[in-house]
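Notes follow once the structure below has been shown.
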Protein chains: 2
Amino acid sequence: MTDAINSILKKNSLSITPSRLAILQLFHQSSGALTHAVIEQKTGDQFDRVTIYRTLQVFVEKGLIHTIPSPDNAILYALCKEDCTKGHHHDNHIHFICDKCNTTYCLDHITTPNIALPKGFKNKQTDVLMKGLCAHCNQ
Amino acid sequence: MTDAINSILKKNSLSITPSRLAILQLFHQSSGALTHAVIEQKTGDQFDRVTIYRTLQVFVEKGLIHTIPSPDNAILYALCKEDCTKGHHHDNHIHFICDKCNTTYCLDHITTPNIALPKGFKNKQTDVLMKGLCAHCNQ
DNA sequence: AATATAATGCAACTATGTTGCAAAATATTT
DNA sequence: AAATATTTTGCAACATAGTTGCATTATATT
């Protein structure tokens, strides 16, 4: 596991540091998206807040994770699929937030719909955010 | 104009105060969505930050405005259509943010698409956020 | 092992948003 | 129209989210 994480960092020409290993591993272990606060907590407060922010920034730049616009007021981060590269995200899937357990899922296999815009408008990116109950909580 | 705003407040059994009049009027004059910071600035800093926050909260509760999840980290507020009432928003339209002028449009006549979710998932609300160039900037 | 490069932690700062409470303004009653 | 009851406001204080500069430390390179 750690080796796999290691080689991901190498592949993206990122130096290997404890914080990057821990945070990237955390993403690979989690099913949903993570906020800065959750990452801080789940890494046991062993890293400085600023370090976590900067690690997340670097990961976004390298195309390892992407941000999700959230109704709460904190940026959500989630793992990108493998075809995302530096400066070129394939972020055309929809996101689902469970009202009960608050998990945010990337539904990678469901692509965003094409929506016709009024005259003159040019679309560049579409974000779909669905809310409701996830499969676990809907029972 | 002020009379119309006045009667909207009365209709929603809200007492008439300078801040409510000014903020509601500002929404009716604006084409797009507004953030707290913009409202504070456009009302000439004559109202306390807290007053603006509370006014926005009340307007949301009464169904006069709705919030829009934003990629930036600040809540966007926009006027509701007339069929929105207290506790019952009809917020099923899509939103468009212009990359250039940063205006957020409510495209009221474009309804959110129906998207099939994986087994077990139950949808309650769908937010669509499109980004690109608006009709004004796309020239 | 020595050097160059990059990342970290700390302090300080900005922005956003919330809560409690006394003072002031609005609405209601007489 | 004045007095009372009810809301709303502004202030202070606080909480959370996020950024920047800089010296120290760790990683990578030679």
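Hydrogens, waters and symmetry mates play no part in the numbers below; they use all other heavy atoms, side chains included. A, B, ... follow the sequence lines: proteins, then strands. Residue 1 opens every chain. Every value quoted in this text rests on a predicted model; they were computed, and no experiment measured them.
When the side-chain contact (heavy atoms from CB on, under 4.5 Å) test is applied to B:T55, the partners found at least two apart in sequence or on another chain are B:S19, B:R20, B:I23, B:T51, B:F59.
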Table please: side-chain donor-acceptor pairs of residues 31-39 of chain B below 3.5 Å, with sequence neighbours left out.
residue	atom	partner	partner atom	Å
B:T35	OG1	B:V38	N	3.2
B:H36	NE2	B:R49	O	3.3

With a cut-off of 3.5 Å and sequence neighbours excluded, list every side-chain donor-acceptor pair involving residues 129-139 of chain B.
residue	atom	partner	partner atom	Å
B:N138	ND2	A:G120	O	2.8
B:Q139	NE2	B:A135	O	3.4

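When the P atom of C:dA15 is taken as reference, atom CD1 of A:I75 falls 16 Å away, rounded to whole Å. Put simply, CD on A:Q46 is 19 Å from P on D:dT25, counting in whole angstrom units. Nucleotide C:dT14 holds its P atom 18 Å from the NE2 atom of B:H36, rounded to whole Å. To the nearest angstrom, C1' of D:dA26 lies 13 Å from CG of A:L21. The distance between atom CZ of A:F47 and atom C1' of D:dG18, rounded to the nearest whole Å, is 19 Å. The NZ-P distance, from B:K10 to C:dT26, rounds to 13 Å in whole Å. Remark: P of C:dT26 and CG of B:N6 are 12 Å apart, rounded to the nearest angstrom. Rounded to an integer number of Å, the gap from B:R20 CZ to D:dT8 C1' is 7 Å.
Side-chain contact check for B:Q125 and B:N123: no donor-acceptor pair (N or O, by modelled atom type) lies under 3.5 Å. Side-chain contact check for B:S70 and B:N73: no donor-acceptor pair (N or O, by modelled atom type) lies under 3.5 Å.
Side-chain nitrogen and oxygen atoms of A:Q57 include none within less than 4.0 Å of the OP1 or OP2 phosphate oxygen of D:dG18.
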Item checked: side-chain contact (heavy atoms from CB on, under 4.5 Å) evaluation trace for A:V60 with A:Y77 -> CA-CA 9 Å; A:V60 170; A:Y77 299 89; 4.0 Å; yes

Next item on the list: Applying side-chain contact (heavy atoms from CB on, under 4.5 Å), run through A:D127 and B:V128 and close with a yes or a no.
Entry: CA-CA 6 Å; A:D127 277 299; B:V128 178; over 6 Å; no

Next item on the list: Would you check, one step at a time, whether the test side-chain contact (heavy atoms from CB on, under 4.5 Å) holds for A:K62 with A:Q57?
Entry: CA-CA 9 Å; A:K62 292 290 182 176; A:Q57 279 172 11; over 6 Å; no

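In the helix from C:dA1-D:dT30 to C:dT30-D:dA1, the end axes, each obtained as the rotation axis mapping the C1' atoms of four pairs onto the next four within a five-pair block, lie 30° apart to the nearest 10 degrees.
Taking 4.5 Å as the limit, some side-chain heavy atom of A:H93 sits within range of a side-chain heavy atom of A:H66. Contact annotation: the side chain of A:P118 never approaches that of B:F96 to less than 4.5 Å [non-hydrogen atoms, C-beta and beyond].
The side chain to side chain contact (heavy atoms under 4.5 Å, CB included) test with A:V58 is passed by exactly one of A:N12, A:I65, A:L14, A:L64: A:L14.
Residue order along DNA chain C, read from the 5' end via each residue's closest nucleotide, puts B:Y53 first among B:P18 and B:Y53. When each of B:N73 and A:S19 is assigned the nucleotide of DNA chain C bearing its nearest heavy atom, the one mapping closer to the 5' terminus is A:S19.
Note on A:T35: nothing from the nucleic acid sits closer than 4.0 angstrom, heavy atoms only.
Using a distance-only test at 3.5 Å, with no hydrogens or angles considered, no donor-acceptor pair links the side chain of B:Q29 to the main chain of B:L26.
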Distances under 3.5 Å between nitrogen or oxygen atoms of protein and nucleotides 28-30 of chain D:
residue	atom	partner	partner atom	Å
D:dA28	OP1	A:I16	N	2.7

Measure all distances between protein nitrogen or oxygen atoms and nitrogen or oxygen atoms of nucleotides 11-16 of chain D, and list the pairs falling under 3.5 Å.
none

